Amino acid sequence: MKSQGFGASLAVKKAIAAGRKAGFWLDILKYLAVAILAGVVTLAAVNVTPEPRAIRTIVPHRFDAADPQFVRSMSSYSQGQMFERNAVRTLVNGDEIFPAMLQAIGAAQASVDMETYIYWSGSVGYAFATALAAKAREGVEVRVLVDWLGSLPFDEKLIHIMTGAGVRFQRYRPIYWYTLDRVNNRTHRKLLIVDGRVAFTGGVGIADNWLGNARNPNEWRDTHYQIQGPSVAAFQAAFAENWLETVGETLQGEMFYPPPEPAGALGAQLILSSQPNGSEDMELMMLAAIAAAKDHLRIGMAYFVPDEIALQQILDARKRGVIVDVIVPNWLTDVPIVRKGSRYFWGQLLEAGVRIYEFQPTMYHPKLLIVDDVWASFGSANLDERSLRLNDEATLNVYGRDFAQTQIDLFNEDLKRSRQISLAEWQARPMSEKVTDWLASRLHTQL
């Protein structure tokens with residue numbers, strides 16, 4: 001009986017010890033879960049919290065865009081060198097854009113460098129992959145840099161087509177444990193540079209969404225630009241900046257920076273934004289451009305969510321009597337939450353007399369700013385906080401009345417296919433839409 005009692009006591013003791021041990025590991029797991037949750041929350045906070053603002057007030061109106069002081073000032077405080085004697089060709093929609101880009105790649109003799117946010121699977125992705133691979137087989141140095149997030153819908157077979165032929169293919173800022181604090185900082189630049197002499201930029205990604213001529217919802221409306229002349233060196237340097245960060249390779253020599261040759265009569269200036277430093281350059285450039293408007297400001301944006309300062313900058317232009325026209329996407333937008341967040345802020349603009357239009361046939365994807373009839377800006381940057389404070393972007397400013405007029409003509413053609421939104425219509429939105437618009441607007445730092 002004693003042995004049985006001892007055995008029972010020992011079993012109880014073992015059970016208690018096992019329970020304590022289990023409790024110990026359960027506590028460890030609880031602490032670990034709390035630590036992981038705290039880490040996730042901390043990383044989320046780091047990524048969604050914008051850097052402190054360097055720009056706290058609007059840019060005052062000192063001179064008009066036609067004034068030589070505007071050119072000098074823009075060159076100084078946006079850190080974008082002014083290049084003279086450039087030529088810029090406007091390419092409208094996929095029917096013009098993709099053939100021009102592929103033709104330039106096919107004519108490459110020394111180097112092809114491409115950086116893009118979107119590279120998706122499909123016929124366009126395949127056409128570019130095979131064209132780039134063909135040049136690599138010929139001995140041309142080909143580098144492709146795609147954003148890790150923007151290129152997620154990407155068939156690995158396309159990568160193998162390129163890398164198998166010798167293309168240097170890299171993803172920009174892939175996700176590792178030591179890069180989690182920068183997961184929200186992407187490259188949104190759209191750059192193609194061939195032989196250091198021809199560059200392309202604009203709003204187009206490498207995807208079938210941009211095929212066609214904006215005739216229906218399956219053919220997005222967009223504009224891209226082909227640039228020749230001394231300013232191409234700035235495009236090459238922009239690519240080299242992100243390539244260096246990704247690969248650690250420095251691009252130098254005449255293969256990338258040949259002696260500059262005049263190609264036209266346009267002054268041009270490439271403005272870059274990048275994280276963690278340099279994002280204020282793009283924002284300051286846009287605010288200063290709006291501040292320089294005298295007669296007419298035209299804004300065509302795929303994603304139009306101005307922060308409070310940009311909003312006040314536009315309203316200040318209206319107070320001076322500047323006509324302001326804005327074209328944005330309608331419900332066919334690819335990011336509905338951005339449209340909702342944008343729409344919440346329209347009341348102040350409409351009340352001030354800003355004319356807002358929604359493009360009707362398909363998704364509207366350009367990024368265009370025209371000041372009076374002398375200055376135009378285009379590239380990858382939207383008028384929103386994601387472009388101006390989070391993403392790496394590239395935008396080209398072009399000075400010249402003839403070129404500005406071509407952009408005004410294109411803008412007016414888009415107006416013909418757009419529907420104006422009245423203040424009364426905006427005020428008459430159903431309460432459910434007003435609430436969801438307000439909720440979306442709370443995310444403006446991420447839109």
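Being a predicted model, the structure only gives us computed values, none of them experimental.
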Study note, to complete from the structure: For D64, the salt bridge (charged side-chain N to carboxylate O under 4.0 Å, His left out) test, sequence neighbours excluded, returns none

Review point. With sequence neighbours left out, what residues match R442 under salt bridge (charged side-chain N to carboxylate O under 4.0 Å, His left out)?
Key: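 Once residues adjacent in sequence are excluded, R442 has no partner under the salt bridge (charged side-chain N to carboxylate O under 4.0 Å, His left out) criterion.
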
Exercise for review: Kindly write out the residues that satisfy ring-ring contact (aromatic ring centres under 6.0 Å, His included) with F359, not counting sequence neighbours, or none if the list is empty.
Suggested key: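 F359 satisfies ring-ring contact (aromatic ring centres under 6.0 Å, His included) with Y364 once adjacent residues are dropped.
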
Exercise for review: Just do the side-chain contact (heavy atoms from CB on, under 4.5 Å) check on I105 and L132 with the steps written out, would you?
Suggested key: CA-CA 7 Å; I105 292 171; L132 293 164; 3.9 Å; yes

For the side chain of [X] and the backbone of [Y], is there at least one donor-acceptor N/O pair under 3.5 Å apart?
X	Y	value
W120	G150	yes
E283	L388	no
N213	R215	no
D392	H188	no
E425	I421	no
E219	P217	no
R189	A238	yes

Point to revise | Evaluation steps, side chain to side chain donor-acceptor pair (under 3.5 Å), between D147 and T187 | key: CA-CA 6 Å; D147 187 77; T187 180; 5.6 Å; no

Would you call [X] and [Y] a salt bridge, using N to O less than 4.0 angstrom?
X	Y	answer
R171	E156	yes
D372	K294	no
E358	R339	yes

Please round to the nearest 0.5 Å and tell me the distance separating atom [atom1] of [X] and atom [atom2] of [Y].
X	Y	atom1	atom2	value
Q170	L145	CD	CG	7.5 Å
I337	T436	CD1	OG1	9.5 Å
T246	E241	OG1	CD	10.0 Å
L284	S73	CG	OG	10.0 Å

Exercise for review: Just say parallel, tilted or perpendicular for the rings of F403 and F378, cut-offs at 30° and 60°.
Suggested key: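 Ring orientation, 0 to 90° scale: tilted.
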
Exercise for review: Hey, can you tell me if H224 and F200 have their rings parallel, tilted or perpendicular (30° and 60° cut-offs)?
Suggested key: parallel

[X] atom [atom1]: more than 12 heavy-atom contacts under 6.0 Å:
X	atom1	answer
D402	CG	no
Y257	OH	yes
R85	CZ	no

Practice item. For D409 and Q405, run side chain to side chain donor-acceptor pair (under 3.5 Å): C-alpha distance rounded to whole Å, both residues' side-chain angles, the deciding distance at 0.1 Å, then the answer. Key: CA-CA 6 Å; D409 292 342; Q405 189 59 54; 2.9 Å; yes

Practice item. Begin with the C-alpha distance, continue with both residues' side-chain angles, and end with the deciding distance and a verdict on salt bridge (Lys or Arg N to Asp or Glu O under 4.0 Å) for E249 and R168. Key: CA-CA 11 Å; E249 179 187 15; R168 303 273 303 279; 3.1 Å; yes

